[in-house]
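Computation of the quantities below employed the complete heavy-atom set of this structure, encompassing side-chain atoms and omitting hydrogens, waters and symmetry-equivalent molecules.
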2 protein chains.
Amino acid sequence: MLMPRHDTGRTPSRLEGRATWLVSRAYLRSSGLLGAGFETHGDGLRSYHYRLLAALEEWGPASQAELGRKTAIDRSDVTAALTELESRTLVERSVDPEHKRRKIVTITPAGVERLLELDKVIDGIQEEFLAPLTPAQRRQFIALVSRLVDAQH
Amino acid sequence: MLMPRHDTGRTPSRLEGRATWLVSRAYLRSSGLLGAGFETHGDGLRSYHYRLLAALEEWGPASQAELGRKTAIDRSDVTAALTELESRTLVERSVDPEHKRRKIVTITPAGVERLLELDKVIDGIQEEFLAPLTPAQRRQFIALVSRLVDAQH
DNA sequence: ATTAAGTGTTGGTCGTACCAACATACACAG
DNA sequence: CTGTGTATGTTGGTACGACCAACACTTAAT
């Protein structure tokens with residue numbers, strides 16, 4: 001071994017208590033869990049795909065631009081993600097008869113199926129992610145973060 | 001105008017209440033604020049640079065590998081970030097006399113100065129980020145996220 | 001003397017989030 | 001009807017944080 005040197009690995013105290021730092025660490029943990037879940041049960045899909053499938057299942061067919069606005073995903077990223085979903089026949093794209101530039105995207109039965117599977121995986125990850133908190137704390141946490149996120153400013 | 005089409009922009013209900021989703025939105029907001037702060041007051045520095053300066057100021061000179069472990073930044077990214085810090089004379093690198101492969105990194109007075117400036121900027125961003133919460137809620141939020149983040153595995 | 005392990009560096013990848021530019025399609029004002 | 005403006009889908013970028021593999025080199029352990 002080469003000089004113990006005692007790396008505590010602890011975070012600089014400057015960061016430790018700062019909300020932005022803690023949120024970035026929480027995100028790291030969260031996206032790590034999600035990434036692992038998608039990797040083992042997701043057939044190469046990622047969060048963008050899940051978001052799009054969720055929007056389509058909930059609100060029905062929509063144009064790509066609409067999807068982009070509703071999911072807060074950039075148009076260009078919507079295009080790319082839909083191409084991947086389409087290649088797995090989880091969605092279908094068809095030209096809007098009333099507007100030949102626009103494409104109407106529809107989720108397929110297979111798409112719904114996969115969405116429901118992903119739901120289960122993601123629910124499991126919520127459990128894992130929130131494990132350190134009691135049920136009451138979980139509710140509190142979710143309420144507080146919701147408030148933070150809904151800030152229009 | 002081209003067909004109102006009514007984009008509420010609201011999130012799919014599947015996502016709305018999930019902790020991992022909320023955390024990702026919170027992180028987005030947080031890193032947006034930080035990015036803007038660094039852009040206007042940071043002289044091109046980013047969060048990696050701040051982390052490294054903070055570690056150096058708090059724990060004194062360290063080798064790059066040590067820094068990497070203490071800040072949880074990959075060795076290769078430490079190398080790159082230090083090169084940028086060095087070019088601004090905010091840190092100095094010197095070969096460890098006891099180990100010719102190792103480089104000891106030291107923060108310069110200018111580095112400390114810049115760190116203190118960044119501290120102020122980042123403190124302001126905490127305020128902005130936490131604005132939607134009352135002081136009691138802020139303490140609660142920080143306590144809960146800390147607990148989430150300290151989860152070992 | 002070998003082997004094992006740590007160190008700094010180079011050169012990649014991935015995922016999320018953006019942005020700019022473009023061709024095409026449509027809506028509306030005149 | 002004609003022009004102007006705006007929406008749409010697509011391509012091809014950028015940034016940033018996080019990671020990984022490989023390499024040359026140095027030192028420690030056996």
Peer 1: Could you identify which residues of residues 87-95 of chain B place a heavy atom less than 4.0 Å from some atom of DNA chain D, listed by residue number, or say none?
Peer 2: none
Peer 1: I want to check one thing: is the phosphate of D/dA7, taken as OP1 and OP2, less than 4.0 Å away from some side-chain N or O of A/Q64?
Peer 2: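 Result: no.
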Peer 1: Rounded to the Å, how far apart are A/L45 CG and C/dT16 P?
Peer 2: 11 Å
Peer 1: Between C/dG8 and B/R75, counting only base atoms on the nucleotide and side-chain atoms on the residue, is there a donor-acceptor pair under 3.5 Å?
Peer 2: yes
Peer 1: DNA chain D: A/T83 or A/S24, which has the more 5' nearest nucleotide?
Peer 2: A/T83
Peer 1: Base, sugar-phosphate alone, or nothing: which one does A/S47 contact when heavy atoms must sit under 4.0 Å apart?
Peer 2: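 If one applies the 4.0 Å heavy-atom cut-off, A/S47 turns out to touch the sugar-phosphate alone, with no base involved.
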Peer 1: Identify which one of A/R75, A/R102, A/R93 satisfies the side chain to side chain donor-acceptor pair (under 3.5 Å) criterion when paired with A/Q64.
Peer 2: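 Only one option passes, and that is A/R93.
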Peer 1: Which heavy atom of B/L53 sits nearest to which heavy atom of B/L115, and what is that distance?
Peer 2: O-CD2, 3.8 Å
Peer 1: Could B/E117 and B/R114 be called an ion pair, given the rule that one side-chain N must be under 4.0 Å from one carboxylate O?
Peer 2: yes
Peer 1: Looking at C/dG8, D/dA18, D/dT8, which one has an atom nearest to any side-chain atom of B/Y48?
Peer 2: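 Shortest atom-to-atom distance from the side chain points to D/dA18.
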Peer 1: Rounded to whole angstroms, how far apart are CG on A/D77 and C1' on D/dT10?
Peer 2: 12 Å
Peer 1: What's the closest nucleotide to the side chain of A/L28 if the choices are C/dT16, C/dA21, D/dC19?
Peer 2: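 Taking heavy atoms from C-beta onward, the closest nucleotide is D/dC19.
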Peer 1: What's the CG-P distance between A/L33 and D/dA18, to the nearest Å?
Peer 2: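 A/L33 atom CG is separated from D/dA18 atom P by 15 Å.
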Peer 1: Identify whether the distance between the nearest side-chain nitrogen and carboxylate oxygen of B/E128 and B/R29 falls below 4.0 Å.
Peer 2: no
Peer 1: Tell me, do A/V91 and A/T106 make a side-chain contact under 4.5 Å, heavy atoms counted?
Peer 2: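 Not in contact.
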Peer 1: Just compare D/dG17, D/dT27, C/dA25 and give me whichever is closest to any side-chain atom of B/R51.
Peer 2: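 Selected nucleotide (nearest to the side chain): D/dG17.
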Peer 1: Looking at A/S76 and C/dC19, is any side-chain donor or acceptor paired with a base atom of the opposite kind under 3.5 Å?
Peer 2: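 When only heavy-atom distances are counted, A/S76 does reach the base of C/dC19 through a donor-acceptor pair under 3.5 Å.
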Peer 1: Quick check on D/dA18: is either OP1 or OP2 less than 4.0 Å from any side-chain nitrogen or oxygen of A/R25?
Peer 2: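 For A/R25, the contact criterion (side-chain N or O under 4.0 Å from OP1 or OP2 of D/dA18) is met.
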Peer 1: Check for a donor-acceptor pair, side chain of B/S24 on one end and backbone N or O of B/W21 on the other, with a separation under 3.5 Å.
Peer 2: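 Side chain of B/S24 to backbone of B/W21, a donor-acceptor pair under 3.5 Å: yes, one is there.
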Peer 1: In whole angstrom, what separates A/D96's CG from C/dT24's C1'?
Peer 2: 14 Å
Peer 1: Using atom CG of A/D74 as one end and atom P of D/dT14 as the other, report the distance to the nearest whole Å.
Peer 2: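 Spelled out: CG on A/D74 to P on D/dT14 is 16 Å.
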Peer 1: In this structure, how many angstroms lie between the P atom of D/dG17 and the CG atom of A/L15, rounded?
Peer 2: 13 Å
Peer 1: If you check the A/K100 side chain, which of D/dC19, C/dT9, C/dA25 turns out closest?
Peer 2: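 Nearest to the side-chain atoms of A/K100, counting from C-beta on, is C/dA25.
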Peer 1: How long is the line joining OH of A/Y27 and P of D/dC16, in whole Å?
Peer 2: 16 Å
Peer 1: Identify whether the distance between the nearest side-chain nitrogen and carboxylate oxygen of B/D119 and A/R18 falls below 4.0 Å.
Peer 2: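 A salt bridge links B/D119 with A/R18.
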Peer 1: Could you state the CG-C1' distance from A/L52 to C/dT16, rounded to the nearest angstrom?
Peer 2: 13 Å
Peer 1: Under 4.0 Å between a side-chain N/O of A/R46 and OP1 or OP2 of C/dT16, yes or no?
Peer 2: yes
Peer 1: So among B/R88, B/E39, B/E84, which one has a side chain to side chain contact (heavy atoms under 4.5 Å, CB included) with B/L45?
Peer 2: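 So the option named by the test is B/R88.
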Peer 1: Looking at the base of D/dT26, is there any donor atom on it, or on the side chain of B/R101, that sits under 3.5 Å from an acceptor on the other one?
Peer 2: no
